[in-house]
There are 2 protein chains.
Amino acid sequence: MYDLLIGNIKELVPLTEDESRLIQNYFEPVHLKKKQFLLQSGESSNHMRFISQGCLKLYNIDELGAEYILQFGISGWWLNDLYAYLTKKPATYFIQAITESTVLQIHRDKLDELFDKSHMMDRFFRIKTQNGYVALQERTINNMSQSVEQRYLEFITRYRNIEQQIPQYMLASYLGVTPEHLSTIRKKLIGH
Amino acid sequence: MYDLLIGNIKELVPLTEDESRLIQNYFEPVHLKKKQFLLQSGESSNHMRFISQGCLKLYNIDELGAEYILQFGISGWWLNDLYAYLTKKPATYFIQAITESTVLQIHRDKLDELFDKSHMMDRFFRIKTQNGYVALQERTINNMSQSVEQRYLEFITRYRNIEQQIPQYMLASYLGVTPEHLSTIRKKLIGH
DNA sequence: CAATTTCATTAAGGTATCTTAAGAACGCTA
DNA sequence: TAGCGTTCTTAAGATACCTTAATGAAATTG
């Protein structure tokens with residue numbers, strides 16, 4: 001179960017045997033059934049989280065009860081309310097399993113300990129966060145400059161594996177449109 | 001001139017005298033007149049960049065020639081086409097001075113050298129990037145869930161210092177609307 | 001100081017997306 | 001397999017935002 005996690009880290013930085021062992025000791029598995037919450041708005045987010053199996057969503061809910069999906073996460077991705085984690089303030093987001101999932105998570109205290117013990121852990125999260133930042137920048141510019149149709153097409157080709165695990169109305173939320181509108185867009189596309 | 005940079009780093013991590021000295025040696029100043037480019041699409045982005053003085057914009061241009069501002073940067077901020085920097089691929093963005101500016105920049109080779117010499121430099125950029133990621137996530141969710149009017153009001157209260165340095169049509173571009181539309185929104189707001 | 005460029009405003013008509021409402025298809029679960 | 005919740009589709013009318021074009025104000029330059 002930890003192989004995916006260790007492999008994910010070793011893709012970017014070397015780890016000693018000691019470090020690998022520590023990581024395995026510090027990360028704890030959490031199993032979630034479909035629709036179960038890993039984090040709810042208002043709670044504190046004290047763990048850094050790696051998805052071992054399944055599919056989850058990170059979203060928030062506004063005053064009117066509308067849901068906005070900020071991010072999906074699947075096997076091999078990191079997912080968190082990072083603001084709440086870093087500041088220790090109450091979460092503003094929800095993390096919920098879309099399918100049955102397994103998450104490996106490490107408590108902030110343990111991770112900070114790892115950071116002090118291991119230069120490479122700082123480096124790993126530096127690079128990982130830089131990559132995430134770049135991806136989010138690209139999404140931002142795409143949201144500004146492309147039509148919903150283009151963004152839909154890009155999503156389903158780039159993240160086919162995610163698309164296959166989520167209902168269409170969640171993808172609509174992620175893309176920032178209503179499910180009704182996404183449906184009409186798809187209709188137009190089918191007739192070429 | 002380097003005080004702001006060193007101070008910026010020391011806000012997040014401790015630095016030894018040696019490290020501070022190295023940083024001062026490795027970062028080189030670049031002076032830009034108004035409208036001058038620090039980076040153009042197609043060039044390679046080989047430096048990590050810190051704004052010492054002035055105000056700049058990071059933007060791209062689509063096939064039709066339309067400009068989309070991804071980010072502004074002012075004194076004390078880091079600004080870059082991070083994707084181009086990390087991958088060594090040609091830049092897709094432009095960085096241009098809005099006002100006369102001074103930037104301190106370090107070549108990737110030197111920064112990588114610093115990363116290997118100093119655990120704290122890895123940590124600094126980890127934390128800095130995490131904070132940037134969180135800010136960008138918040139912008140993303142705001143773009144999804146708030147009206148242009150709300151986003152405009154938030155920008156001018158939160159970034160009053162930026163707003164005072166940029167023309168209104170650039171803020172419109174950043175907010176993802178036309179200057180004409182932003183103008184009508186402002187008109188509505190003035191009459192309460 | 002005059003000339004020129006840059007920037008902001010206004011308005012009319014067009015397009016994209018939303019809201020609301022209803023019904024159809026699908027997949028669980030009793 | 002019948003029933004129920006979940007998801008997707010369709011359509012009409014409403015709203016937000018864009019496009020184009022024109023004007024005026026402000027800032028920059030010669």
Side-chain angles (χ1 to χ4, degrees), chain A residues 33-37 55 57 59 61-69 72 96-100 142-156 162-191, chain B residues 32-37 54-57 59 61-69 72 96-101 142-156 162-191:
Chain A
K33 287 182 219 148
K34 188 173 174 173
K35 296 196 179 170
Q36 205 176 335
F37 289 97
C55 181
K57 59 177 174 173
Y59 66 97
I61 294 185
D62 71 9
E63 328 79 48
L64 301 170
E67 177 177 318
Y68 299 93
I69 297 182
F72 297 109
Q96 190 181 17
I98 296 173
T99 66
E100 194 177 1
N142 285 350
N143 281 342
M144 291 198 278
S145 62
Q146 299 192 324
S147 68
V148 177
E149 184 177 317
Q150 285 173 313
R151 286 185 278 141
Y152 170 71
L153 287 171
E154 185 175 335
F155 187 96
I156 62 173
I162 296 183
E163 189 229 347
Q164 285 163 355
Q165 298 190 63
I166 63 176
Q168 200 172 293
Y169 73 88
M170 287 190 194
L171 178 47
S173 169
Y174 177 90
L175 293 174
V177 295
T178 58
E180 293 84 356
H181 189 56
L182 181 55
S183 180
T184 66
I185 285 170
R186 278 165 47 87
K187 189 182 167 189
K188 265 197 333 198
L189 284 172
I190 291 165
Chain B
L32 298 158
K33 287 182 218 147
K34 189 172 172 172
K35 294 195 181 171
Q36 205 176 334
F37 288 97
C55 182
L56 299 96
K57 59 177 173 173
Y59 66 97
I61 293 185
D62 71 9
E63 327 80 48
L64 302 170
E67 176 178 318
Y68 299 92
I69 297 183
F72 296 108
Q96 190 182 15
I98 296 173
T99 66
E100 194 178 0
S101 303
N142 285 349
N143 282 343
M144 290 199 278
S145 62
Q146 300 192 324
S147 67
V148 178
E149 184 177 318
Q150 285 173 313
R151 285 184 278 141
Y152 170 72
L153 287 171
E154 185 175 335
F155 188 95
I156 62 174
I162 296 183
E163 189 229 347
Q164 283 163 356
Q165 299 190 63
I166 63 175
Q168 200 170 293
Y169 73 89
M170 287 190 194
L171 178 48
S173 169
Y174 176 89
L175 292 174
V177 294
T178 58
E180 293 84 356
H181 189 57
L182 181 54
S183 180
T184 66
I185 284 171
R186 277 164 47 85
K187 188 181 167 193
K188 267 196 333 196
L189 285 171
I190 290 165

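Not measured: the values here are computed from a predicted model. Just so we're on the same page: letters track the sequence lines, and every chain starts at 1. Keep in mind that the numbers below use all heavy atoms, side chains included, and drop hydrogens, waters and symmetry copies.
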Might you point out which heavy atoms bring [X] and [Y] nearest each other, and give the distance in Å?
{"X": "A:Leu189", "Y": "A:Glu149", "result": "CD2-OE2, 3.6 Å"}
{"X": "A:Cys55", "Y": "A:Ile166", "result": "SG-CG2, 4.0 Å"}
{"X": "B:Met144", "Y": "A:Ser173", "result": "SD-O, 3.9 Å"}
{"X": "A:Gln96", "Y": "A:Lys35", "result": "NE2-O, 2.8 Å"}
{"X": "B:Gly54", "Y": "B:Ser101", "result": "CA-OG, 3.5 Å"}
{"X": "A:Thr184", "Y": "A:His181", "result": "OG1-O, 2.8 Å"}

Worksheet item: In terms of ring plane angle, is the pair A:Phe155 and A:Phe72 parallel, tilted or perpendicular, where the classes change at 30° and 60°?
Response: perpendicular
Please state whether the phosphate of [N], meaning OP1 or OP2, lies under 4.0 angstrom from any side-chain nitrogen or oxygen of [X].
{"X": "A:Lys188", "N": "D:dT10", "answer": "no"}
{"X": "B:Arg186", "N": "C:dT9", "answer": "yes"}
{"X": "B:Thr178", "N": "D:dC18", "answer": "yes"}

In whole Å, I'd like the distance from the [atom1] atom of [X] to the [atom2] atom of [N].
{"X": "B:Asn143", "N": "C:dT17", "atom1": "CG", "atom2": "P", "answer": "15 Å"}
{"X": "B:Ile98", "N": "C:dC7", "atom1": "CD1", "atom2": "C1'", "answer": "14 Å"}
{"X": "A:Tyr152", "N": "D:dC8", "atom1": "OH", "atom2": "P", "answer": "10 Å"}

If you only use heavy atoms from C-beta on, which nucleotide in [options] is closest to the side chain of [X]?
{"X": "A:Gln168", "options": "D:dC8, C:dT9, D:dC17", "result": "D:dC8"}
{"X": "B:Ser183", "options": "C:dC7, C:dT9, D:dC18", "result": "C:dT9"}
{"X": "B:Pro167", "options": "C:dC7, D:dC8, C:dT19", "result": "C:dC7"}
{"X": "B:Val177", "options": "C:dT10, C:dC18, D:dC17", "result": "D:dC17"}
{"X": "A:Lys35", "options": "D:dC18, D:dT6, D:dT10", "result": "D:dT6"}

For nucleotides 20-30 of chain D, list the nitrogen or oxygen atoms of the protein found under 3.5 Å from its nitrogen or oxygen atoms, one pair per line.
unit_1 : atom_1 : unit_2  : atom_2 : d
D:dT28 : OP1    : B:Lys34 : NZ     : 3.3

Item to complete: Hey, which sits more toward the 5' end of DNA chain C by its nearest nucleotide, A:Gly176 or B:Leu182?
Response: B:Leu182
